[in-house]
Amino acid sequence: MMEKYSVFDCTILELDRHHSDRKGNLSVVENGVNLPFDVKRVYYIYDVPGGESRGAHAHKALEQLIVAASGSFTVTLDDGIHKRNVFLNRPYQGLYVKPGMWRDLADFSSGAVAMVLASEAYQKEDYIRDYNDFLKYKKNH
Ligand code: TYD
């Protein structure tokens, strides 16, 4: 059986900020260096109309790092027992999301870009998209 994680196991990873005088900043995410998993896929969510939310699903095995590459939004994590809101608005911070978390992304600012680094390829079977199914799943996992 897969290890059971709580929302409190989902931490903010602080990325290095390489500052170049008068030329801005650069942050790095590198497999095996500052990330607890290897990245297989990157996707990003953008142009989200005000008031809309994304996510509303859980993953059985997938791990993710969610970064507000631009702008801001709030991630709500739910492990079936506890809920936690995490506000992301810094490109040098990433929210590390463990498997088995229901997540909602909401309150996107204008111009927000949610960049997601994922540990696996896209697999429909890894998704739980019904909240009641999620609660049932969490009772057994
Ligand atoms: P969806 O999972 O609904 O996005 P979110 O949960 O973040 O709001 O995905 C939106 C669409 O994009 C859906 O048709 C599936 C497709 N998609 C891919 O084809 N590949 C991917 O890696 C992801 C994440 C989504």
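Order of listing sets the numbers, starting from 1, for every ligand and every atom in it. In this chain, residues are counted from 1 in sequence order.
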Protein contact for atom 23 (C) of ligand 1 (heavy atom, distance under 4.0 Å): yes
How long is the gap from OG on Ser6 to CE on Met101, to the nearest 0.5 Å? 6.0 Å
Just which atoms of ligand 1 are under 4.0 Å from any heavy atom in Gly55? 5 (P), 6 (O), 7 (O), 8 (O)
Answer yes if the ring centres of Tyr131 and Phe134 are under 6.0 angstrom apart, and no otherwise. yes
Flag the pair Lys60 / His141 as yes when at least one side-chain heavy-atom distance between them is below 4.5 Å, and no otherwise. no
Where on Ile45 is there a heavy atom closer than 4.0 Å to ligand 1, on the side chain, on the backbone, on both, or on neither? side chain
Rounded to the nearest 0.5 Å, what separates atom CH2 in Trp102 from atom CZ in Arg129? 8.5 Å
Decide yes or no for Val97 and Arg103: does some side-chain heavy atom of the first lie under 4.5 Å from some side-chain heavy atom of the second? yes
Which option, Arg41, Arg129, His57, owns the non-hydrogen atom nearest atom 1 (P) of ligand 1? Arg129
How close does the nearest protein non-hydrogen atom get to atom 13 (C) of ligand 1, and which residue and atom is it? Tyr122 OH, 4.5 Å
For ligand 1, which atoms sit closer than 4.0 Å to a heavy atom of Arg54? 4 (O), 5 (P), 8 (O), 10 (C)
Hey, which atoms in ligand 1 end up nearer than 4.0 Å to a heavy atom of Tyr127? 2 (O), 24 (C)
Hydrophobic cluster membership, with links at side-chain heavy-atom distances under 4.5 Å among I/L/V/M/F/W/Y: are Leu95 and Phe8 in one? yes
